[in-house]
2 protein chains.
Amino acid sequence: MKLTEAKQKFIDSWGAFGTHWGINRTMAQIHALLLVSPDPISQDDVMEQLSVSRGNVNMNIRELIDWGLVERTSIPGERKEFFVAEKDIWKVATTIIKERKRRELDPMLKLMDQLSAIEGDKKDKEAKQFIETMQGIKRFGNQADKMLDVLVKADEHWFVGSLMKFFK
Amino acid sequence: MKLTEAKQKFIDSWGAFGTHWGINRTMAQIHALLLVSPDPISQDDVMEQLSVSRGNVNMNIRELIDWGLVERTSIPGERKEFFVAEKDIWKVATTIIKERKRRELDPMLKLMDQLSAIEGDKKDKEAKQFIETMQGIKRFGNQADKMLDVLVKADEHWFVGSLMKFFK
DNA sequence: ACAAACTTTCAATATTATTTGAAACTTCAG
DNA sequence: CTGAAGTTTCAAATAATATTGAAAGTTTGT
């Protein structure tokens, strides 16, 4: 396979992969493009290479920056803005974990707290089952939360070295 | 909060949560409904409680069964089929992890293998960076894969006991 | 074999999510 | 201050995805 073809395939697949995880295709594709671009690229570059509109590129790059996966940068002598993606996959992954935890897991756990505090007869089968389910999710979520916290704070080498041994 | 209200809130939130993770809203809602139903329920029950069509319920229940999260069951004396969800959240989570690993992570790693085997000059900056990125993803993915394998095979008690200590 | 009860399928339709593009806004050099 | 270069916004258009519902298929009891 030739480099250009491989790049295209990576961008397409990363985009498809994203859609399975609730990330919009274009955002994932822009991320992919930036991941395989050694040098900073501009909005116009992205527009051209992915054939998407200026507005779309602008919005999605903004979101990627918001996630902490992409940075603005400038090139001396150029008026335009350029962008680069974090290339270290460990950092990319921990950033994503951190953000999704904050945006989705944490609020979900807060909700479980509310929901397991319903008023009503604990003898009622429905109520009993409901409270148990909510608490089960809460307990599990808290464990996952703790685990991910440590994971995110850990250094890659420590993780790969000590922890991976643990994971056989 | 009253039980009925709490149930509804849970179903809605589980549905919204699902959409952020690439799972369609109705499928997640049906799952939620089954999670909080102590007894098996029929397609008609789901239709009524969620106000969705028979076809929709049928398709989404089928998919939930395919994922291993829901089971068909029958009630003596009843002609209809009834359904129950796995209630143990640990099992639910490991099932989902197993399935998504198989459906998404494994194929992605296979692709990375192909893509890091491009022909071309390793001196070329673009090619070098590309190969490095692909291998980085592959390495990370393999680690995650291994870790999730152990997690999935582990027993909850072992996990919570021994491993959680490790995760401070 | 018949028909009632129930389940499945899928083309048409509705809904939701994404994308466009042109106008408004900002920045900067001269 | 002016206008060219660049960026952002967002209502409208489009595309992707999910849902409906009626017809076809299946199972079961008599």
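Chain letters run A, B, ... following the sequence lines, proteins first and then strands; every chain starts at 1.
A:V84 and A:L33 end up in different hydrophobic clusters when Ile, Leu, Val, Met, Phe, Trp and Tyr side chains are linked at under 4.5 Å. Cluster membership for A:F82 and A:L35, using ILVMFWY side-chain heavy atoms within less than 4.5 angstrom, is not shared. Each of A:I75 and A:V70 belongs to its own hydrophobic cluster when Ile, Leu, Val, Met, Phe, Trp and Tyr are linked at side-chain heavy-atom distances under 4.5 angstrom.
In secondary-structure terms, DNA chain D builds stems of at least 3 consecutive Watson-Crick or G-U pairs, each pair having both distances under 3.5 Å, at C:1-30 with D:1-30.
Partners of A:K101 by side chain to side chain contact (heavy atoms under 4.5 Å, CB included), not counting sequence neighbours, listed by chain and number: A:L105, A:D106, A:D145, A:L148, A:D149. In this view, A:F10 and A:W14 satisfy the ring-ring contact (aromatic ring centres under 6.0 Å, His included) rule, not counting sequence neighbours. Remark: A:E5 engages A:M1 in a side chain to side chain contact (heavy atoms under 4.5 Å, CB included) (not counting sequence neighbours).
Salt-bridge check for A:K7 with B:E126: passed, with a basic side-chain N closer than 4.0 Å to an acidic carboxylate O.
Listed for the B:E86 side chain is a donor-acceptor partner under 3.5 Å among the backbone atoms of B:D88. Between the side chain of A:K87 and the main chain of A:S37, a donor-acceptor pair closer than 3.5 Å is present.
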Query - Residues A:Q129, A:T133; criterion side chain to side chain donor-acceptor pair (under 3.5 Å); working and verdict - result: CA-CA 6 Å; A:Q129 152 98 56; A:T133 301; 3.2 Å; yes
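Taking every heavy atom of residues 11-34 of chain A and every atom of DNA chain D, no pair lies under 4.0 Å. Interface residues of residues 45-52 of chain B facing DNA chain D, ordered by number: B:S51, B:V52; criterion, heavy-atom separation under 4.0 Å. For DNA chain D, the neighbouring residues in residues 55-62 of chain A, judged by any heavy atom under 4.0 Å, are A:G55, A:N58, A:M59, A:R62. Contacts of residues 76-86 of chain A with DNA chain D (heavy atom under 4.0 Å): A:R79, A:K80, A:E81.
The distance from the OG atom of B:S116 to the CD atom of B:Q135 is 5.0 Å, given to the nearest 0.5 Å. Atom CD of B:E132 and atom CD1 of A:I89 lie 11.5 Å apart (nearest 0.5 Å). The distance from atom NZ of A:K146 to atom CG of A:N142, rounded to the nearest 0.5 Å, is 7.0 Å. With rounding to the nearest 0.5 angstrom, the CE atom of B:M108 is 9.0 Å from the CG atom of B:L115. Rounding to the nearest 0.5 Å places CD1 of A:I137 at 12.0 Å from CG of A:D113.
For the residue pair A:I118 and B:K2, the shortest heavy atom distance occurs at CG2-O, 4.3 Å.
Between chain A and DNA chain D, the heavy-atom contact criterion of under 4.0 Å yields a 5' to 3' nucleotide range of D:dA4 to D:dC10. Along DNA chain C, the stretch of nucleotides lying under 4.0 Å from any heavy atom of chain A spans, 5' to 3', C:dT18 to C:dC28.
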Which pairs of donor and acceptor atoms, one on a side chain in residues 51-69 of chain B, lie under 3.5 Å apart (sequence neighbours left out)?
unit_1 : atom_1 : unit_2 : atom_2 : d
B:S53  : OG     : B:N56  : N      : 3.2
B:R54  : NH2    : B:D44  : OD2    : 3.1

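Identified under the side-chain hydrogen bond (donor to acceptor under 3.5 Å, both in side chains) test for residues 15-29 of chain B, with sequence neighbours left out: A:E104-B:W21.
No more than 12 heavy atoms of other residues, nucleotides or ligands lie within 6.0 Å of CD in A:E71, so this atom counts as exposed by the packing criterion. For A:E99, the CD atom sits in a packed shell: over 12 heavy atoms of surrounding residues, nucleotides or ligands are nearer than 6.0 Å.
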